[in-house]
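Below is one structure, written out as structure tokens; comments come after it.
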Amino acid sequence: MSIRVRFAPSPTGFLHVGSARTFIFNWLFARHNGGTMILRVDDTDVERNTEASESSIFDGLRWLGLGWDEEYRQSERLELHRRMANAIFAKGMAYRDFTPAHAGDDSRPAAQGAWLFHADMRSLPAAESDARAARGEPFALRFRVPREAQGEAQFHDAVYGEQAKSFVDIEDFALLRSDGMPTYHMASCADDIDLGISHIIRGQDHLTNTFKHVLIFGALGAAAPQFAHLPLLVAPDGSKLSKRKHGPVVSVTTYREAGFLPEAFINFLCLLGWSPKDDRQFMSVAEIQELFTLEGINRANAVVNFTEPPPTPDDAFDPKAVWLNGEHIRALPVEELAARLGAFLAAAGHPLDKQAMLKITPLIRERIRLLRDALAAADFFLNRELAPYDPALLVPQKGDAAMARKVLEKAREALAETEFTHDALEQALRSSAQQLGLKAGQMFSPIRVAITGRTAAPPLFGTLEALGKELTLQRIAQALQSVGASTG
RNA sequence: GGCGCAUUCGUCUAACGGUUAGGACGCCGCCCUCUCAAGGCGGUAAUACGGGUUCGAUUCCCGUAUGCGCUACCA
């Protein structure tokens with residue numbers, strides 16, 4: 001039997017991290033087993049669907065870069081859904097319910113237990129049912145759960161094991177709404193049969209629904225697919241992830257815009273609810289694909305450990321996600337990272353050519369964990385004018401303003417006649433320090449501040465080389481002015 | 001309320017009856033070092049609780065607690 005899985009989002013919101021993980025797990029399962037990955041837009045809820053949501057979902061999936069093999073849209077398959085619903089009705093396994101939609105809360109006393117069915121409708125004589133339908137009276141089509149049978153619906157879940165639920169605890173759920181539209185349960189099962197879905201991998205929030213689906217598959221005489229339910233992704237307080245409550249950290253878009261690499265994002269998500277069963281954390285997509293099995297999925301919900309509200313923008317994400325992103329950044333060949341950084345910086349308003357990116361990338365790649373960190377890490381390179389800084393920073397450890405001035409003057413002199421390559425710069429500055437009788441650090445520190453405006457910056461010689469002689473000398477001159485000014 | 005599912009360091013997880021309960025992130029310390037990082041080394045910290053079963057329970061069973069899900073003519 002061929003392996004066919006589907007990811008079935010409903011376009012009622014942005015793509016959130018939980019959905020992204022479900023997509024990824026389906027994709028991994030398909031690829032690991034040489035199967036087919038299907039994208040099926042579950043858009044049977046006309047009321048709530050939006051185009052914005054749909055494009056957000058597609059954008060997010062495209063960013064992940066995994067792709068899919070086939071694509072369907074449920075709203076284009078309504079005839080199939082109705083035909084299958086009617087087939088169930090024809091077998092007497094469903095009945096018409098003429099109760100008006102949203103019939104009210106009092107008809108469903110939740111306090112005493114779950115609502116199960118409208119007794120009068122369930123037992124409505126066929127003749128009367130037909131007559132009312134012929135009269136044009138609207139009705140929902142409900143599945144007639146065989147509650148008299150004293151049996152139970154059951155299935156095997158690849159993650160949660162054997163599952164069973166008594167028929168008496170399952171309500172007569174709707175198959176068709178009174179406007180003729182199929183419900184999720186009906187549409188989903190009909191499509192799963194028609195598309196030959198072999199494995200349904202989805203969130204654990206569907207675990208209980210599966211009993212209904214098993215009933216539908218059975219009524220249609222179809223073998224149920226294999227099921228694998230995924231533990232849910234939850235917020236640090238254990239509650240379900242929701243945009244309303246938790247803000248942008250649950251949206252895939254936020255990760256992309258912050259400068260997560262899709263492969264790092266995928267790596268992170270895979271570690272939530274799945275384990276390779278050994279000690280590895282950092283994995284390429286190819287590696288995960290190789291290792292991925294349903295047996296590696298665990299049962300407890302996983303916390304996405306973001307901070308809320310974020311103390312600083314950088315601290316909003318799960319620290320492990322950020323760490324993994326840094327690891328993936330450093331695993332990239334410099335040319336590749338330069339290209340990705342270049343695209344990111346261009347989008348952020350700093351278009352740089354390839355040469356510039358190749359100069360800057362090696363300097364910052366060990367200092368950034370998100371692509372957006374480059375904005376701050378390479379600020380001295382991105383902006384011709386340095387942001388104003390405190391001249392006191394120019395003063396080296398165990399030194400004073402006079403020493404700073406002496407260092408900068410010496411540097412200006414030495415650098416003016418030095419070739420701007422890493423090794424030549426190092427040689428020139430180290431011997432300058434010696435000539436002044438200073439420690440290397442005391443020599444380098446004022447220069448670093450002069451050219452970057454910061455005491456913490458990438459390695460000095462590489463930075464000088466990247467900056468070039470002209471800009472360097474200009475900034476040293478400016479620094480000298482401020483040192484002179486501050487000391488009179 | 002009913003039904004279902006879950007419960008190992010703060011977080012992600014490993015240990016398919018016998019381990020000093022392992023790894024990772026985070027945090028702390030040390031090393032490396034021109035600063036900051038990166039890297040290396042070390043430290044911190046967990047089996048929800050109560051009963052069983054067993055020579056022996058993180059592991060199997062029951063109960064309790066807690067959390068989550070479903071209980072729509074949403075998906």
Side-chain angles (χ1 to χ4, degrees), chain A residues 8-12 42-45 47-48 97 99-103 108-116 138-142 157 160-161 163-166 168-171 173-185 187-188 203-212 229 231-232 234 236-240 268 271-282 295 298-306 318-324 326-327 330 364-369 377 397 426 429-430 433 439-445 447-449 452 454-461:
Chain A
S10 66
T12 55
D42 277 12
D43 56 351
T44 53
D45 185 358
E47 302 277 306
R48 305 196 315 160
D97 183 344
T99 310
H102 308 107
R108 303 192 166 197
Q112 298 307 316
W115 170 85
L116 291 172
F139 61 86
L141 195 66
R142 285 187 185 283
D157 189 274
Y160 290 92
Q163 301 293 316
K165 185 168 183 173
S166 298
V168 295
D169 290 323
I170 304 174
E171 78 276 11
F173 54 95
L175 262 20
L176 252 29
R177 303 175 227 203
S178 49
D179 63 0
M181 287 292 283
T183 60
Y184 158 73
H185 302 302
S188 179
Q204 192 247 41
D205 47 344
H206 286 292
L207 191 64
T208 321
N209 287 332
T210 306
F211 295 113
K212 297 170 189 168
H229 287 88
L232 265 22
V234 297
D237 66 357
S239 68
K240 190 176 172 178
F268 170 65
L271 256 17
L272 259 25
W274 174 80
S275 160
K277 302 291 183 188
D278 58 21
D279 289 342
R280 56 189 123 181
Q281 316 281 330
F282 175 92
E295 289 69 42
N298 61 13
R299 285 164 289 278
N301 290 169
V303 172
V304 181
N305 197 20
F306 56 79
D318 188 317
K320 192 161 185 175
V322 177
W323 169 75
L324 271 171
E327 294 290 304
R330 273 169 254 121
I364 62 172
R365 65 188 237 130
E366 281 165 5
R367 267 154 278 266
I368 60 175
R369 297 180 305 166
Q397 287 287 308
E426 174 158 19
L429 292 179
R430 283 197 190 278
K439 288 185 180 175
Q442 290 175 308
M443 179 78 202
F444 300 159
S445 178
I447 302 173
R448 171 177 300 110
V449 174
T452 67
R454 291 186 269 124
T455 54
L460 188 57
F461 315 120

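Just so it is clear: chains get the letters A, B, ... in the order the sequence lines come, proteins before strands, and each one is counted from 1.
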Please list, chain by chain and in numerical order, all residues satisfying side chain to side chain contact (heavy atoms under 4.5 Å, CB included) with A:Arg177, sequence neighbours excluded. A:Thr44, A:Asp45, A:Asp179, A:Met181, A:Thr183
Looking at every non-hydrogen atom in both residues, tell me the closest pair between A:Arg299 and A:Tyr160 and how far apart they are. O-OH, 2.9 Å
Please determine, for B:rG39, whether a Watson-Crick or G-U wobble partner exists with both distances under 3.5 Å, and give it or none. B:rC31
Tell me which nucleotide, if any, is Watson-Crick or G-U wobble paired with B:rG18 when both distances must be under 3.5 Å. B:rC55
In whole angstrom, give the distance that lies between atom CG of A:Leu116 and atom C1' of B:rU71. 9 Å
Is it the case that B:rA75 (base atoms only) and A:Asp205 (side chain only) share a donor and an acceptor within less than 3.5 Å, ignoring hydrogens and angles? no
Salt bridge (Lys or Arg N to Asp or Glu O under 4.0 Å) partners of A:Asp42, counting only residues at least two apart: A:Arg40
Roughly, in whole Å, what's the span from CZ in A:Arg280 to C1' in B:rC25? 18 Å
Hey, what are the protein-to-nucleotides 4-6 of chain B N/O distances that come in under 3.5 Å?
| unit_1 | atom_1 | unit_2 | atom_2 | d |
| --- | --- | --- | --- | --- |
| B:rC5 | O2' | A:Gln204 | NE2 | 3.3 |

Considering only the C1' atoms, how many Å lie between B:rC28 and B:rG10, rounded to the nearest integer? 15 Å
Within the distance-only criterion (no hydrogens, no angle test), does the side chain of A:Arg142 pair as donor or acceptor with the backbone N or O of A:Glu171 below 3.5 angstrom? no
Round to the nearest Å and state the distance from A:Trp115 atom CH2 to B:rC70 atom P. 18 Å
Which part of the nucleic acid does A:Ser275 contact within heavy-atom distance under 4.0 Å: base, sugar-phosphate only, or nothing? sugar-phosphate
If I pick the C1' atom on B:rA6 and the same atom on B:rU47, what distance separates them, to the nearest angstrom? 15 Å
Interatomic distance at C1', B:rG50 relative to B:rC41, whole Å: 43 Å
How far does the P atom of B:rU35 sit from the matching atom of B:rU19, given to the nearest Å? 47 Å
Closest to the side chain of A:Lys277, out of B:rA15, B:rC25, B:rC74, is B:rA15
Apply side chain to side chain contact (heavy atoms under 4.5 Å, CB included) to A:Pro138 and list each qualifying residue two or more places apart in sequence or on a separate chain. A:Ser178
Side chains of A:Gln397 and A:Lys439: any donor to acceptor distance under 3.5 Å? no
Using the C1' atom as the point on both nucleotides, what is the distance between B:rU58 and B:rC9, in whole Å? 13 Å
NA contact type, A:Ser188, heavy-atom cut-off 4.0 Å: base, sugar-phosphate, or nothing? nothing
If pairing means Watson-Crick or G-U wobble with both distances under 3.5 Å, then the partner of B:rU64 is B:rA48
Could you tell me which nucleotide pairs with B:rC70 by Watson-Crick or G-U wobble geometry, both distances under 3.5 Å, or answer none if nothing does? B:rG2
CG of A:Leu271 versus P of B:rA24: gap in Å, rounded? 13 Å
Is the side chain of A:Thr210 donor-acceptor paired with the backbone N or O of A:Leu207 at a distance under 3.5 Å, no angle test? yes
From NZ of A:Lys240 over to C1' of B:rC74, roughly how many Å is that when rounded to an integer? 11 Å
Please identify each residue that fulfils side chain to side chain contact (heavy atoms under 4.5 Å, CB included) with A:Ser275, with sequence neighbours left out. A:Lys277
Output the rounded distance in Å from CG (A:Asp157) to P (B:rG69). 18 Å
Keeping the roles fixed (side chain from A:Asp157, backbone from A:His229), state whether a donor-acceptor pair exists under 3.5 Å. yes
Mind checking if A:Gly326 touches a base, just sugar-phosphate, or nothing, with heavy atoms under 4.0 Å? nothing
Of A:Asp42 and A:Asn305, the one whose closest nucleotide on RNA chain B sits nearer the 5' end is A:Asn305
Ignoring backbone atoms, test whether A:Arg177 places a side-chain nitrogen or oxygen under 4.0 Å from the OP1 or OP2 oxygen of B:rC74. yes
Residues that A:Thr455 engages under side chain to side chain contact (heavy atoms under 4.5 Å, CB included), provided they are two or more places apart: A:Leu393, A:Val449
Roughly how many Å apart are B:rC5 and B:rA46, using the C1' atom of each and rounding to a whole number? 23 Å
Going 5' to 3' through nucleotides 32-45 of chain B and flagging B where a protein heavy-atom sits under 4.0 Å of the base, S where only the sugar-phosphate is that close, and - otherwise, we get --BBBBSS------
Please list, chain by chain and in numerical order, all residues satisfying salt bridge (Lys or Arg N to Asp or Glu O under 4.0 Å) with A:Asp169, sequence neighbours excluded. none
To the side chain of A:Lys212, which of B:rC25, B:rU13, B:rC70 is closest? B:rC70
Give me the distance, rounded to whole Å, that separates B:rC30 from B:rU64 when you measure between the C1' atoms they each carry. 47 Å
Between B:rA21 and B:rG29, how many Å separate the two P atoms, rounded to a whole number? 29 Å
Whole-Å distance separating the CD atom of A:Glu171 from the C1' atom of B:rG1: 15 Å
Classify A:Asn298 by what it touches in the nucleic acid, base, sugar-phosphate, or nothing, heavy-atom distance under 4.0 Å. sugar-phosphate
According to salt bridge (Lys or Arg N to Asp or Glu O under 4.0 Å), who are the partners of A:Arg330, at least two apart in sequence or on a separate chain? A:Glu327
Protein-nucleotide distance (A:Asp318, atom CG; B:rA24, atom P), rounded to Å: 17 Å
Under a 3.5 Å limit on both distances, the Watson-Crick or wobble mate of B:rC25 is B:rG10
So what does A:His229 touch, heavy atoms closer than 4.0 Å: a base, only the sugar-phosphate, or nothing? nothing
Between A:Pro231 and A:Leu176, which has a closest nucleotide on RNA chain B that is more 5'? A:Pro231
